[in-house]
Amino acid sequence: MSIGLARLREEPDRIRQGAIDKGEDPTIVDQALVLEGKRRTLLGESDRLKAERNAASKKIGEAIRAGAAPNGPEVADLKRASTDAGTQIEKLDADLAATESALEELLLRIPNPADPDVPVGDASANKVVRTWGELLPREATTDGQAWTRRPHWDVAEALHMFDLERGAKITGSGWPVYTGPGSRLQRALIDFMLDVHTEEHGMTEIWPPAVVNSASARGTGQIPDKEDQMYVVPRDDLYLVPTAEVPVTNLHRDEIFEADQLPIRYAAYSPCFRREAGAAGKDTRGILRVHQFDKVEMVFFEKPEASTEALEWLTGRAEVILQRLGLAYRVLLMATGDLGFVQAKKYDLEVWAPGVERWLEVSSCSNFRDYQARRMAIRYRPEAGAKPELVHTLNGSGLALARTVAAILETYQQPDGNLAVPEALQPYMHTARVTP
RNA sequence: GGAGAGGUCGCCUAGUGGCCUAGGGCGCCGCACUGGAAAUGCGGUAUGGGGCAACCCAUCGAGGGUUCAAAUCCCUCCCUCUCCGCCA
């Protein structure tokens, strides 16, 4: 389940409105309420009968210990009472199981309501909350000489940094091979990002499995919601991760934290695999949309009262990376219609790519509030001895590599065709310039 | 992959069909004793669900089965450890 039953009963109106704002069917909320009522009725009746059966069994035990024959007439009535209750319980429980699975089905279709400060509407209601850096034009002038910034695939080809054709030969279209300085750049970016997040931002580094089981895929909602987007290994019931969010969030599935353990903040590198089903023909050139890319992901577990502030901080940590790399970007507050099913609030970071003259999404920072935590039963104890409560989970890219690489190539290309290495990466690249 | 041993409450452990409503120890919390503490004693200490409440139901790795009754017996699966094989 995703929306909590208690919340469903307590504030159905807010949940209904949340569904409307996200363009989902609000009548599911009412259907769920009906089933929830039925569930409680059945459960009460079943529990009552189970108590009866337990009492009868206990009496049989006592009678036998007192000397009655186990198969004698003295216990026959008790056995019959117990068996009769058992028959009814079986029926009730079958009905209950059907009701619960129907209810769960409905709950999975009720979206997480957006935060009150999220603009309502479709993508056109997204708000640019800030822009950083200089937006370089494609048609440039350097030292009085006019020149044209090329798209990243041209820069990469000239400098032998990645090879899309050979990637297509060994795997398929959308599986880039990074070569020479391109490969080095991958390593440099991963190292740089992890260093900043761990050493300066205090996050704990995680190097997770790139493949997860179905329970983990279910935990973060990849199945059933986004099953089409994942590569599957059916023989072993395993899934290639589309983001480190999946393994890292599942680190603490079914766990209960003490209050002083929170917040827990991770930074994790992983390769990311996405089928991009339905995106055929989009962004076919270069590395803007590929089946395998690399990403450093931030995953936070927070106390509920801290999560609103944590999202701002998380987003800021992703911005730090772009600023250090000297890449111009903007921050978008996504409107309800552009939010996913599970996010309460989301900022997208888009980097400016002057060669293709486009904004490229390189990070998506979200607060899930307790929605994901409920699915995974990740809780904490507000104080010693108190009842566990759900934590809030957040995550955001910090950053996705392929598009960041594209922005670097297009931003830092020089009129002579060489590539200047951003200062922050020079210690990792061991050079200030990439030449053919 | 083969053989064996295991999986019980935060941790360790008892438990081989009914006095298990899961016992004991450690740890933790409260109280008593103390000038304060240690030691000691007493009590409490899982999760989910239902009920205004007393309380009830479920859960002993997971799922099924046998039985009036399963931590305990049977079946399937998962995981951990030891040895062997293979291997970066």
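Letters A, B, ... mirror the listed sequences (proteins, then strands); counts begin at 1. All values below were derived from every heavy atom in this structure, side-chain atoms included, with hydrogens, water molecules and symmetry-related copies excluded. Quantities reported herein were computed from a predicted structural model and do not represent experimental measurements.
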For this session: Any strand is fair game: report the nucleotide pairing with B:rA3 by Watson-Crick or G-U wobble, both distances under 3.5 Å, or none.
Result: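 The base-pairing partner of B:rA3, which may sit in any strand shown, is B:rU82.
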For this session: Take the angle between the ring planes of A:Y266 and A:H252 and call it parallel below 30°, perpendicular above 60°, tilted in between.
Result: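 Rings of A:Y266 and A:H252: parallel, as their planes differ by under 30°.
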Exercise. Looking across every strand, which nucleic acid part, if any, lies under 4.0 Å from A:R379 by heavy atom: base, sugar-phosphate, or nothing?
Worked result: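 The residue A:R379 makes sugar-phosphate contact but no base contact.
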Which pairs, protein N/O on one side and nucleotides 50-53 of chain B N/O on the other, fall under 3.5 Å?
| residue | atom | partner | partner atom | Å |
| --- | --- | --- | --- | --- |
| B:rG50 | OP1 | A:R9 | NH1 | 3.4 |
| B:rG50 | OP1 | A:R39 | NH2 | 3.1 |
| B:rG51 | OP1 | A:R40 | NH1 | 3.1 |

Exercise. Is A:K387 near enough to B:rU47 that one of its side-chain N or O atoms lies under 4.0 angstrom from OP1 or OP2?
Worked result: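 Answer no for this pair, as no side-chain N or O of A:K387 is under 4.0 Å from OP1 or OP2.
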Problem set entry | Pairing residues for A:L238 by the side chain to side chain contact (heavy atoms under 4.5 Å, CB included) criterion, not counting sequence neighbours | A:V211, A:N213, A:V233, A:D236
Exercise. Residues two or more places apart in sequence or in another chain: which of them pass side chain to side chain contact (heavy atoms under 4.5 Å, CB included) with A:K79?
Worked result: A:I60, A:N71, A:V75
For this session: Check RNA chain B against residues 206-214 of chain A and give the residues with a non-hydrogen atom under 4.0 Å, in numerical order.
Result: none
For this session: Find the distance between CZ (A:R53) and CG (A:D84) and round it off to the nearest 0.5 Å.
Result: 12.0 Å
Exercise. Taking only residues two or more places apart in sequence or in another chain, which ones pass side chain to side chain donor-acceptor pair (under 3.5 Å) with A:T393?
Worked result: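 Applying side chain to side chain donor-acceptor pair (under 3.5 Å) to A:T393 gives A:Q372.
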Exercise. With nearest nucleotides of RNA chain B determined for A:E389 and A:A51 from heavy-atom distances, which residue corresponds to the more 5′ nucleotide?
Worked result: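 Nearer the 5' end of the strand: A:E389.
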Exercise. Considering only B:rG48, B:rC68, B:rG18, which nucleotide approaches the side chain of A:K79 most closely?
Worked result: B:rC68
Problem set entry | Integer-rounded Å distance: B:rA58 C1' and A:L92 CG | 15 Å
Please list, for nucleotides 27-31 of chain B, all pairs of protein and nucleotide N/O atoms separated by less than 3.5 Å.
none

